[in-house]
Amino acid sequence: MNLSVNLPGLNLKNPVMPASGCFAFGKEFAQFYDLSTLGAVIMKAATKERRFGNGTPRVAETASGMLNAIGLQNPGVESIISDEIPFLKNHHLPIIANVAGSTVEEYVEVAEKISPHVNAIELNISCPNVKEGGVQFGTDPSLAKEVTRHVVQVSDVPVYVKLSPNVTDIVEMALAAEDAGASGLSMINTLTGMRIDPKTRKPVIANGTGGLSGAAIKPISIRMIHQVYQAVTIPIIGMGGIESAEDVLEYLLAGASAVAIGSANFKNPFICKEIIEEMPNALARYGFSSIKQAIGGAHDEKVETPVLRP
Amino acid sequence: MNLSVNLPGLNLKNPVMPASGCFAFGKEFAQFYDLSTLGAVIMKAATKERRFGNGTPRVAETASGMLNAIGLQNPGVESIISDEIPFLKNHHLPIIANVAGSTVEEYVEVAEKISPHVNAIELNISCPNVKEGGVQFGTDPSLAKEVTRHVVQVSDVPVYVKLSPNVTDIVEMALAAEDAGASGLSMINTLTGMRIDPKTRKPVIANGTGGLSGAAIKPISIRMIHQVYQAVTIPIIGMGGIESAEDVLEYLLAGASAVAIGSANFKNPFICKEIIEEMPNALARYGFSSIKQAIGGAHDEKVETPVLRP
Amino acid sequence: MKNERMTILRHEKVARETHLLVLEGNLVQDIADPGQFVHVKIDGFYLRRPISIADYDSENQTMTLIYKVMGDGTKALTRFQIGESLDVLGPGGQGFPTSQIHDNHALIIGGGIGVPPLYSTAKRLKESGVAVTSILGFRSREDAFLLDEFRALGEVHVTTEDGSLGRSGRVTDALPHVKENYQHYLSCGPTVMLRAVADHIPDKEGYLSMEERMGCGIGACFACVIESHDEKGYKRICCDGPVFKAGEVVLS
Amino acid sequence: MKNERMTILRHEKVARETHLLVLEGNLVQDIADPGQFVHVKIDGFYLRRPISIADYDSENQTMTLIYKVMGDGTKALTRFQIGESLDVLGPGGQGFPTSQIHDNHALIIGGGIGVPPLYSTAKRLKESGVAVTSILGFRSREDAFLLDEFRALGEVHVTTEDGSLGRSGRVTDALPHVKENYQHYLSCGPTVMLRAVADHIPDKEGYLSMEERMGCGIGACFACVIESHDEKGYKRICCDGPVFKAGEVVLS
Ligand SMILES: Cc1cc2nc3c(=O)[nH]c(=O)nc-3n(C[C@H](O)[C@H](O)[C@H](O)COP(=O)(O)OP(=O)(O)OC[C@H]3O[C@@H](n4cnc5c(N)ncnc54)[C@H](O)[C@@H]3O)c2cc1C
Ligand SMILES: Cc1cc2nc3c(=O)[nH]c(=O)nc-3n(C[C@H](O)[C@H](O)[C@H](O)COP(=O)(O)OP(=O)(O)OC[C@H]3O[C@@H](n4cnc5c(N)ncnc54)[C@H](O)[C@@H]3O)c2cc1C
Ligand SMILES: Cc1cc2nc3c(=O)[nH]c(=O)nc-3n(C[C@H](O)[C@H](O)[C@H](O)COP(=O)(O)O)c2cc1C
Ligand SMILES: Cc1cc2nc3c(=O)[nH]c(=O)nc-3n(C[C@H](O)[C@H](O)[C@H](O)COP(=O)(O)O)c2cc1C
Ligand code: FES
Ligand code: FES
């Protein structure tokens, strides 16, 4: 069974990678399995300077999901380049840098510094958990266009724009990114949510709101990818609540060319490896002989001859 | 324990009512318990003419939730007035009519006809499941304002505008409704989602997309109500994934003055009654001696002296 | 209709991925007709699962369900043990009106997991003096169940798609071999089968049991509608059905 | 660290809403120090629950957890039966470095559900020749547990907030009554208690075990950070802790 997918900058031996922020820089998971099993790895967000993030508690449990408000804590782009990337490079797998910032200048500077060291950039214009975290770039198409254009200009590698689901019109955001030169999209970041503890009468999360992830959001992500797939010609990395090989298939059918797995890594540290191992069976069970065959398969216009993308 | 809450047009003996579309017009649930137990009842959407709704399947299961795309099937406003409202009137409880339409004219006509027979109108500008179903009114603040203004003008009773969560800025939508003369808000309708069946390679729901409801969406609803409560002065009827008296308390603390229970009625037909019976215990357990005390309690500025609203 | 925790008295495999479940509880007393269904809550799943009542014993307050593993919910159901209890809502809907059938002879036509509700139907008919001939279709020999039970009630024709048991083919392939001395037919199975059956027997009165995805299962959500030929234009399968007169609803 | 289904050998109530759970499995072999924790998955809950290892027996591959019902997850945990298995990830984090403590005397200070990890800690200390005095604080008599077990290891001072057992008051109220012949103190309990303890004993070296809500429990998500006084500025409780030197982290 052929699990490979080739996307701009990313020759993936399989379409499964850990999502940004849920896998740090890989070291913790390397104790469980050989990271070279993965299709690629998306690193935790990088900002210009190190950030300490939000107050605690930073996570809360929800029905079939969780809220987080880590607040982009990271050691800063330079430390990531010197202390984290070399470890990942040893595993010979494509590395995607998640780039965050508060201003266009910060995004540009981070992208410029990190792009020579990685295979692609995931441009995080959608972190809902920091006041100056770029979420305004993720909800306003003209700002999205602007930051994307600048980052694409300075980046040595293809740029995937990570979209926020907290918008009225996801297609408009996707088109803005495509217009500005994005090589691909990454969908979706978390939905902004809140839990209140009746004991303390306060939000559970110190930051007040947090980003909702996990199985609960999968139907929303699938819908958005299904919509966007019809509107753009660049490939989509899909994510949100993936917990099984069948979930991956659902994403491929909706129009994703590859997928990322986030919070499920916390439930089961072996999840990425297990899903990769199960993929051939799952494809065969539903009559597919490769990943590429499944991509976009739920689109009426494409049932006969699945359009291979890219 | 005092469970009563008085809202415009609605003197509620308790703050719990079934949500629109999940309780039809009450007859089916009357076999399980006495409907006069309820704080109020929100009827299924009414349109000008009868509507047959979407193709089947119309529902799909999701993690801690469900998708539906009923498509506003209903017998039409006149039949509702003559065949359904009399039954509910026998139970001596406030009746809220959910008013839907495809054009401002339709909304106005339905509201005009039904308002003399009910205690309040819930203006459904947020049904995501019909092409001509009013969702455009729910995502564009100027259209929301227009339809609200017209309906308020013709209505004999207070109008609660039911907001769609499928927007970038929920506060903007809430303010538009308040500006246009709404007496209250109803939050939230369903989030647009999709599930794809790998066997058929098609969306599970015939309509393609459906509205996501259930416990999965509660954190999103709580967040939106928490935001809107700070921005408006009209009361909010909260809903989305309520399954217990503690969930109701979470909604009250976020800023809802009353709540509606939707899909959970399908899991447990007694849910509204059971929650009403559990409310006094739940309030006492967390140190409240009335519903009013809890409303808005999670707002910092209001922890000391909870603002009673209205 | 009741909502009750019912105790599991038996739970065993009766065919490939097909399990028989005997439950005890009060709601059995409310069963009016064979062909009604119950709505079963399974921990961890948001929606209830509709399962037909395959047999019931009002005196002992027991009922039998036979279900096939079709997805995660029915798979989880197999893990419940004797002595545990299940949250059951029911009985729901309108079953086969066996008490109104006073023929000499009736024909039962069941396909796959549509067979179970026809068992108590055939039993009730026989009890009230109606002779019963049954056509039971399965994919393969390993999928077949209740054959001896149906044989105890009358003539049985078995079809399998792969010919591993009985006649090779579908239930409609057995029709030419059944005497036309029946006045009513009663059928349950996939919609394609029901349509084929109704097309093959246009001149007899028939009752068809339909399936659709359900929300509430009690008539309140309008998830399970089917187009009908009457003025209202639709029926809800969960409360107006699942059993309809052939010709009453549109078999699309 | 391992992820394993561990078999339940014992599961019983030991105090008000407090349960003792004995689990068997391979990961016990990986336990390096008392005070480490495991991350337990409970069906139907999205996040794992961190529970300290209260005792362990590497030879028999068993470990003991003692947990209090604090919410829906721990409540669901009480329903698991002997013979069933639990999905456990661990052992996680850095425990109390008992093998580096070569004092004559050490002081244990535990509050409520912070007591369990101190039990194996006290045991290890005693085994390596360190005399142990323990102060154990509970809300009330009904909440107390492990008292006899601690008494078997050395002097024990009990405090309860309502005075129903031992001294009335908090653990710090017992401090003046404990001989100051200890070189280290080792403490676990609510953060307010840990702060009070650290304030009361500024001149001795101490180890504190901290709590925070966790996502991954393995150091990857940065949910569980606590401010630290070093250049890096933070520690992750799940992997750099949960046990820290007093003064290493900010007890806010
Ligand atoms: C009136 C009625 C009577 C039935 N009687 C029986 C019976 O006696 N024995 C039996 O094995 N099956 C019966 N079915 C079908 C049975 O309900 C489904 O096979 C079952 O719901 C599948 O659940 P799952 O979790 O395994 O599948 P999943 O695919 O995981 O289920 C997902 C969702 O789709 C719904 N769904 C999936 N397939 C069907 C279907 N065919 N009909 C309705 N809803 C479906 C489920 O209820 C659930 O809400 C009946 C259905 C209806 C409507
Ligand atoms: C390192 C460590 C060791 C612990 N050891 C023990 C022990 O030995 N015995 C014991 O009874 N308890 C212990 N706790 C606390 C225990 O983890 C919580 O009481 C438990 O998670 C509550 O779960 P719940 O589902 O009952 O509560 P809920 O409030 O329903 O839990 C909701 C979420 O909040 C988290 N949460 C709630 N309270 C805490 C807390 N105090 N600390 C961390 N997360 C929390 C839960 O894990 C879950 O993700 C320990 C905590 C940590 C961090
Ligand atoms: C704890 C946590 C931290 C995250 N940090 C980041 C981040 O730094 N950058 C980013 O783009 N997304 C971040 N995300 C979002 C995930 O990458 C992913 O888009 C989202 O969680 C949906 O996938 P999931 O449902 O599989 O978790 C984070 C998510 C979680 C749960
Ligand atoms: C089957 C179904 C039908 C619904 N029909 C309507 C409707 O007609 N009008 C409306 O305003 N909302 C309708 N809703 C939305 C609910 O009233 C409610 O806003 C939403 O389901 C969130 O609440 P819940 O999570 O408790 O279900 C419907 C929801 C469901 C599940
Ligand atoms: S399932 Fe709700 S009306 Fe039939
Ligand atoms: S819980 Fe994830 S880093 Fe500690």
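In the text below, chain A, chain B and the rest are named by the order of the sequence lines, each starting its count at 1.
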Between A/Arg51 and A/Glu106, is there a side-chain N and carboxylate O pair less than 4.0 Å apart?
yes
Which atoms of D/Ile218 come close to chain A, meaning under 4.5 Å heavy atom to heavy atom: side chain ones, backbone ones, both, or neither?
both
Under 4.5 Å heavy-atom distance to chain D, tell me which part of [X] shows up: side chain, backbone, both or neither.
X        : answer
A/Ser263 : both
A/Lys27  : neither
A/Ala60  : backbone
A/Phe25  : neither

So which residue, A/Gly55, A/Ala24, A/Ala63, ends up with the most heavy-atom pairs under 4.5 Å with chain D?
A/Ala24
Find the one option among A/Ala264, A/Ala215, A/Gly26, A/Gly65 whose heavy-atom pairs under 4.5 Å with chain D are most numerous.
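Answer, by heavy-atom pair count under 4.5 Å with chain D: A/Gly65.
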Is it true that the NZ or CZ of A/Lys44 lies under 6.0 Å from the centre of D/Phe222's six-membered ring and within 45 degrees of the ring axis?
yes
Name the residue from D/Lys41, D/Arg48, D/Lys2 that meets the salt bridge (Lys or Arg N to Asp or Glu O under 4.0 Å) definition with D/Asp87.
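That would be D/Arg48; it is the only one of D/Lys41, D/Arg48, D/Lys2 passing the salt bridge (Lys or Arg N to Asp or Glu O under 4.0 Å) with D/Asp87.
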Check each of A/Glu274, A/Glu243, A/Glu61 against A/Lys267 using the salt bridge (Lys or Arg N to Asp or Glu O under 4.0 Å) test, and report the only one that passes.
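So the option named by the test is A/Glu243.
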Test side chain to side chain donor-acceptor pair (under 3.5 Å) on D/Thr98 and D/Arg124; report intermediate values, then the result.
CA-CA 7 Å; D/Thr98 49; D/Arg124 293 292 161 272; over 6 Å; no
Polar contact flag, side-chain donor to acceptor under 3.5 angstrom, A/Thr192-A/Thr209:
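Their side chains do not contain a donor-acceptor pair, so the 3.5 Å distance test is not met.
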